[in-house]
**Student:** 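Following this message is one structure expressed as structure tokens.
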Amino acid sequence: PTPRLKFLMSLLDSEGIEYKLDTYTSREIKCYNIVMRGTSSRMVVAHHDIVNPSTDNANDNSASVINAIMIKKLMPEMNVVLLDGEEVGGLGSKRCSELINDGFFGDIEWVLNLELTGCGGKYFFIGDYPGNLTNHIKSIFDCPIVKTPFNDSIVFRRNGIDSVVINPLPPTKDSEVSIVKWDNETYLDFKLLFNCHTEKDTLDTISVKDMKEFVEEVVIPILKK
């Protein structure tokens with residue numbers, strides 16, 4: 001286990017959150033998923049692996065890992081899994097899909113995938129993945145739906161499990177326009193996504209306040225309703 005993984009296990013221990021370290025080998029790569037089981041039929045995931053060790057990896061995907069842990073703390077009944085290997089083709093989501101399909105978690109209705117959730121708060125988009133989870137989210141929030149690059153939701157869906165990726169983004173300045181439109185007057189700052197895997201993905205680009213707002217005002221209502 002890497003120092004990053006050891007830190008996460010130490011954090012969970014300090015918070016009194018029970019977990020299982022699921023160790024597996026895929027494509028000759030040794031991987032580790034952190035599995036926090038619950039009694040719910042719903043699941044939250046976030047990938048903990050990184051590409052560039054020379055940057056903070058703040059938004060991709062450290063913020064989402066912390067948000068997922070906080071969700072488990074606030075909702076102990078939730079199934080939460082921190083996935084490995086997203087950056088090399090979704091190895092962790094493939095492994096988690098196998099466990100779901102084998103009945104390890106009981107019946108799982110859908111999987112909500114947290115990606116780049118460090119800033120934006122209540123302003124967010126979801127990936128273009130039609131199904132019950134998308135319908136459920138759209139029944140609560142009038143959020144934009146966006147075509148997304150590869151993420152773990154693609155692997156879950158490939159294995160017959162309904163999954164959607166969710167990503168908050170802050171509104172742009174008044175004079176700016178982006179490809180993601182929140183409403184008739186508000187656009188979301190899509191260019192922040194291009195910080196991924198670069199030295200621009202720093203701690204000063206994320207907001208603890210926004211993370212709290214995203215968890216409490218967006219994710220928890222999705223999980224509860």
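Since this is a predicted model, take the numbers as computed values, not measurements.
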**Student:** Are side-chain heavy atoms of Leu188 and Thr172 found at a separation under 4.5 Å?
**Tutor:** no

**Student:** What are the two closest heavy atoms between Glu18 and Met36, and how far apart are they?
**Tutor:** O-CG, 3.6 Å

**Student:** Partners of Phe124 by ring pair (Phe, Tyr, Trp, His ring centres under 6.0 Å), sequence neighbours excluded?
**Tutor:** Phe141, Trp182

**Student:** I'd like to know if Ile140 and Phe125 are part of one continuous hydrophobic network [Ile/Leu/Val/Met/Phe/Trp/Tyr, side-chain heavy atoms within less than 4.5 Å].
**Tutor:** yes

**Student:** Which residue pairs pass the salt bridge (charged side-chain N to carboxylate O under 4.0 Å, His left out) test when at least one of the two sits in residues 60-84, sequence neighbours left out?
**Tutor:** Glu15-Lys73

**Student:** State, with a plain yes or no, whether a side-chain heavy atom of Tyr19 is found less than 4.5 Å away from one of Val80.
**Tutor:** no

**Student:** I need the Asn67 CG to Ile166 CD1 distance, nearest 0.5 Å.
**Tutor:** 10.5 Å

**Student:** Can you get from Ile34 to Val88 by hopping between Ile, Leu, Val, Met, Phe, Trp and Tyr side chains that sit under 4.5 Å apart?
**Tutor:** no

**Student:** Within a radius of less than 6.0 Å around CG of Asn132, do more than 12 heavy atoms belonging to other residues, nucleotides or ligands occur?
**Tutor:** no

**Student:** Should we count NZ of Lys138 as having more than 12 external heavy atoms under 6.0 Å?
**Tutor:** yes

**Student:** Are Val180 and Phe194 linked, directly or through intermediate hydrophobic residues, by side-chain heavy-atom contacts shorter than 4.5 Å (ILVMFWY only)?
**Tutor:** yes

**Student:** Taking all atoms of both residues into account, what is the closest heavy-atom pair of Asn101 and Asn159, and its distance?
**Tutor:** ND2-O, 3.2 Å

**Student:** Linking I/L/V/M/F/W/Y whenever their side-chain heavy atoms sit closer than 4.5 Å, directly or via other members, would Leu193 and Leu203 fall into one cluster?
**Tutor:** yes

**Student:** Going by the rule salt bridge (Lys or Arg N to Asp or Glu O under 4.0 Å), which residues pair with Asp162 if we only count those two or more places apart in sequence or in a different chain?
**Tutor:** Arg157

**Student:** What residue pairs, at least two apart or across chains, pass side chain to side chain donor-acceptor pair (under 3.5 Å) with a residue in residues 212-221?
**Tutor:** Lys212-Glu216

**Student:** Under 6.0 Å from the CD atom of Glu176, do we count more than 12 heavy atoms belonging to anything else shown?
**Tutor:** yes

**Student:** Linking Ile, Leu, Val, Met, Phe, Trp and Tyr through side-chain heavy atoms less than 4.5 Å apart, which residues share a cluster with Phe104?
**Tutor:** Val35, Met43, Val45, Val81, Leu83, Leu99, Ile100, Phe105, Ile108, Val111, Phe156, Ile161

**Student:** Using atom types as modelled and distance alone, determine if a side-chain donor or acceptor of Asp49 lies under 3.5 Å from a backbone N or O of Glu86.
**Tutor:** yes

**Student:** Measure the CG-OG distance between Asp56 and Ser62 for me, rounded to the nearest 0.5 Å.
**Tutor:** 8.0 Å

**Student:** Counting C-beta onward and ignoring hydrogens, is there a side-chain heavy-atom pair between Thr148 and Glu115 closer than 4.5 Å?
**Tutor:** no

**Student:** Ignoring hydrogens, what is the shortest heavy-atom contact between Leu5 and Pro1? Give both atom names and the distance.
**Tutor:** CD2-CB, 3.7 Å

**Student:** Donor-acceptor pair, Ser26 side chain versus Ile29 backbone, under 3.5 Å?
**Tutor:** no

**Student:** Are Ile206 and Phe7 connected in the hydrophobic side-chain network, where two residues link if heavy atoms are under 4.5 Å apart?
**Tutor:** yes

**Student:** Between Tyr187 and Ile179, is any pair of side-chain heavy atoms under 4.5 Å apart?
**Tutor:** no

**Student:** Calculate, to the nearest 0.5 Å, the distance between atoms CE and CG belonging to Met9 and Leu21 respectively.
**Tutor:** 5.5 Å

**Student:** Would you say the side-chain atoms of Asn113 and Asn151 include a donor-acceptor pair closer than 3.5 Å?
**Tutor:** yes

**Student:** Where the side chain of Asp210 meets the backbone of Gly120, is there a donor-acceptor pair that is under 3.5 Å apart?
**Tutor:** yes

**Student:** With distance as the sole test, does Asn33 use its side chain to make a donor-acceptor pair with the main-chain N or O of Asp22 at under 3.5 Å?
**Tutor:** no

**Student:** Under a 4.5 Å cut-off applied to non-hydrogen side-chain atoms, are Thr205 and Leu192 in contact?
**Tutor:** no

**Student:** Rounded to the nearest 0.5 Å, what separates atom CG in Leu11 from atom CD1 in Ile17?
**Tutor:** 7.0 Å

**Student:** When rounded to the nearest 0.5 angstrom, what is the spacing between SG in Cys143 and NZ in Lys122?
**Tutor:** 14.5 Å

**Student:** Could you check whether any side-chain N or O of His197 sits under 3.5 Å from a backbone N or O of Asn52, counting only pairs where one atom can act as donor and the other as acceptor?
**Tutor:** no

**Student:** Is there a side-chain contact between Arg27 and Leu91 (heavy atoms, below 4.5 Å)?
**Tutor:** yes

**Student:** Check whether Ser178 reaches the backbone of Asp189 with its side chain - one donor and one acceptor, N or O, closer than 3.5 Å.
**Tutor:** no

**Student:** Measuring from Trp110:CH2 to Ile222:CD1, what's the distance to the nearest 0.5 Å?
**Tutor:** 7.0 Å

**Student:** Is it the case that the side chain of Asn79 and the backbone of Arg37 share a donor-acceptor pair, with hydrogens and angles ignored and the cut-off at 3.5 Å?
**Tutor:** no

**Student:** With no hydrogens and no angle check, is any side-chain donor or acceptor of Ser64 less than 3.5 Å from a backbone partner on Thr117?
**Tutor:** yes

**Student:** With sequence neighbours excluded, what pairs up with Asp107 under the side chain to side chain donor-acceptor pair (under 3.5 Å) test?
**Tutor:** none

**Student:** Do Val44 and Leu223 make a side-chain contact, defined as non-hydrogen atoms from C-beta onward lying under 4.5 Å apart?
**Tutor:** yes

**Student:** Taking the side chain from His47 and the backbone from Gly92, do they hold a donor-acceptor pair closer than 3.5 Å?
**Tutor:** no

**Student:** Kindly indicate whether the side chain of His136, heavy atoms from C-beta on, has any atom under 4.5 Å from the side chain of Arg42.
**Tutor:** yes

**Student:** Quick one: closest heavy-atom pair of Leu114 and Ala68, and the distance?
**Tutor:** CD1-N, 4.0 Å

**Student:** Compare every heavy atom of Asp152 with every heavy atom of Ser93, then report the nearest pair and how far apart it is.
**Tutor:** OG-OD1, 2.7 Å

**Student:** What are the two closest non-hydrogen atoms of Tyr129 and Ser163, and how far apart are they?
**Tutor:** CB-O, 3.7 Å

